[in-house]
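Remarks on the structure that follows.
Letters go in sequence order (proteins before strands), and every chain restarts at 1. None of these values were measured; they are calculated from a predicted model. Below, all heavy atoms of this structure are taken into account, side chains as well, without hydrogens, waters or symmetry copies.
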Amino acid sequence: MKLYQENNKVIIDKIKDFEPKHIFECGQCFRWDKEEDGSYTGVANGKILNVKLEGDTLILDNTNLDDYHKIWHNYFDMDRDYSAIKAELAKMDEHLYNATIFGQGMRILNQDTFEIVISFIISARNAIPMIKRSVAFLSKALGEEIGEYRGKKYYAFPTPKALSSCDEQVLIDSKVAFRKGYIRDASYIQHSLQMDMYKLRNLPTDMARKELMTIPGVGPKVSDCILLFGLSKYDVFPVDVWVQRVMHEFYIEKEMKDLKKIREFGIDMFKDKSGIAQQYLFYYAREKGIGRK
DNA sequence: ACACAGGGTCAGC
DNA sequence: GCTGACCCTGTG
């Protein structure tokens with residue numbers, strides 16, 4: 001692996017376990033879009049980045065080595081050995097083997113805690129394209145304009161202050177619908193520091209989870225997603241309709257509908273790799289339509 | 001056309 | 001612990 005800068009690109013030769021499609025389309029993030037040339041452009045930490053894989057060369061455009069080390073290295077979870085994780089999961093059974101092969105190159109991004117809280121509140125009983133639409137609308141309406149890339153303007157995710165004090169009409173127009181009260185209240189909780197969601201990182205998973213569940217619009221499933229995608233906790237197992245289906249298909253009787261028990265089953269099975277296992281299974285199930293009637 | 005479900009959560013029994 | 005309502009939109 002060789003890392004170097006060329007103009008405004010950071011290039012990594014001989015990259016392993018990095019497949020942009022699987023990273024950006026596995027359902028963990030909502031601010032990355034595919035360009036016509038197959039690359040992906042998105043916003044994180046107030047910066048615009050374009051990502052393209054050519055063979056085993058990763059090209060990060062619109063950035064520099066300084067930002068790579070400060071932001072993107074951690075954002076893309078570069079220090080984690082996904083080959084080792086995949087190998088461990090794949091040897092458990094044929095389903096995990098298939099799911100890890102299918103999702104090869106998927107990585108769990110380290111995303112901003114508050115952005116993940118709001119995004120996954122929006123995700124409840126919603127479809128992924130609509131979640132992306134709402135998040136894009138709110139960012140454009142309330143977020144700071146951070147620059148232009150390939151002729152398009154980009155906006156940072158709104159601050160807690162902006163989201164907690166905006167006109168109700170903005171939330172209505174964003175189509176977050178019945179979730180608008182949750183978003184305003186959750187944003188105020190962070191803005192007022194009634195709870196500092198960023199500090200939950202320092203708590204054990206179960207305590208952080210208990211805290212998250214006090215936020216309006218945050219239940220068992222959304223809190224697990226926040227822990228996994230926004231707080232770097234991997235001993236969680238978010239159970240949504242797809243994980244439910246894939247678990248019924250592969251591991252447990254269909255009569256077992258108690259989501260709490262399915263979650264405990266997953267954590268018991270996958271331990272400290274539950275979150276990552278869940279993401280391989282979720283992506284595999286959703287792309288293949290496993291269990292859909 | 002129109003019912004149904006989409007990365008669930010909450011309030012009211 | 002269960003059950004229905006919740007906004008809006010794409011899908012069949």
task = Taking all heavy atoms of Ile118(A) and all of Ser187(A), pick out the closest pair and write down the distance.
result =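 Of all heavy-atom pairs spanning Ile118(A) and Ser187(A), the closest is CD1-OG, 3.6 Å.
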
task = Could you tell me which non-hydrogen atom of Val239(A) sits nearest to which non-hydrogen atom of Gln244(A), and how far apart they are?
result =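 The answer is CG1-N, 4.3 Å.
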
Taking atom [atom1] in both [N] and [M], compute the distance separating them and give it to the nearest angstrom.
| N | M | atom1 | answer |
| --- | --- | --- | --- |
| dT9(C) | dT9(B) | P | 22 Å |
| dA5(C) | dC4(B) | C1' | 15 Å |
| dA5(B) | dG4(C) | C1' | 16 Å |

Can you measure [X] atom [atom1] to [N] atom [atom2] for me and round it to whole angstrom units?
| X | N | atom1 | atom2 | value |
| --- | --- | --- | --- | --- |
| Ile215(A) | dT9(B) | CD1 | P | 12 Å |
| Gln244(A) | dA5(B) | CD | C1' | 14 Å |
| Arg292(A) | dC4(B) | CZ | P | 18 Å |

task = Could you check if a side-chain atom of His22(A) sits within less than 4.5 angstrom of a side-chain atom of Tyr280(A), using non-hydrogen atoms only?
result =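 The answer is no, as the side chains (C-beta and beyond) never meet within the 4.5 Å cut-off.
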
message = For a 4.5 angstrom cut-off between non-hydrogen side-chain atoms, does Tyr82(A) reach Ile108(A)?
response =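 Counting from C-beta outward, Tyr82(A) and Ile108(A) do come under 4.5 Å.
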
Polar contact flag, side-chain donor to acceptor under 3.5 angstrom, [X]-[Y]:
| X | Y | result |
| --- | --- | --- |
| Gln194(A) | Tyr188(A) | no |
| Asp17(A) | Gln104(A) | no |
| Asn74(A) | His69(A) | no |

query = Which of residues 252-287 of chain A sit near DNA chain C, with a heavy atom under 4.0 Å from it?
reply =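 Close to the strand, none.
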
Check the interface with nucleotides 11-13 of chain B: list each N/O to N/O pair with the protein under 3.5 Å, or write none.
none

task = Scan Thr63(A), Thr41(A), Asn62(A), Asn8(A) and name whichever one has a side-chain hydrogen bond (donor to acceptor under 3.5 Å, both in side chains) with Asn50(A).
result =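 Single pass found, and it is Thr41(A).
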
query = Does CE belonging to Met207(A) count more than 12 external heavy atoms closer than 6.0 Å?
reply =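 12 or below, so no.
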
query = Counting heavy atoms not belonging to Tyr97(A), are there more than 12 under 6.0 Å from its OH?
reply =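 Atom OH in Tyr97(A) is not crowded, with 12 or fewer foreign heavy atoms closer than 6.0 Å.
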
inquiry  = Tell me whether Asp235(A) is salt-bridged to Lys271(A), with the criterion being a basic N under 4.0 Å from an acidic carboxylate O.
reply    =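 Lys271(A) and Asp235(A): not salt-bridged.
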
ask   = Are Ile23(A) and Tyr234(A) linked, directly or through other ILVMFWY residues, by side chains that come within less than 4.5 angstrom of each other?
value =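 No, because Ile23(A) and Tyr234(A) fall into different hydrophobic clusters, even though each may have its own neighbours under 4.5 Å.
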
key: Residues in contact with DNA chain B, drawn from residues 102-110 of chain A - heavy-atom cutoff 4.0 Å   =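 Contacts with DNA chain B under 4.0 Å: none.
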
message = Base contacts versus sugar-phosphate-only contacts with protein, heavy atoms under 4.0 Å: please encode nucleotides 5-12 of chain C as B, S and - from 5' to 3'.
response = -BBSSS--

key: For DNA chain B, the dot-bracket pattern of Watson-Crick and G-U pairs whose distances stay under 3.5 Å, | for other-strand partners   = .|||||.||||||

Would you list the atom pairs, donor with acceptor, under 3.5 Å between side chains in residues 139-147 of chain A and any protein atom, with sequence neighbours excluded?
from, atom 1, to, atom 2, distance (Å)
Ser139(A), OG, Arg31(A), NH2, 3.4
Ser139(A), OG, Val135(A), O, 2.9

ask   = Across the strands shown, which category fits Ile122(A) at heavy-atom distances under 4.0 angstrom: base, sugar-phosphate, nothing?
value =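 Contact class for Ile122(A): none.
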
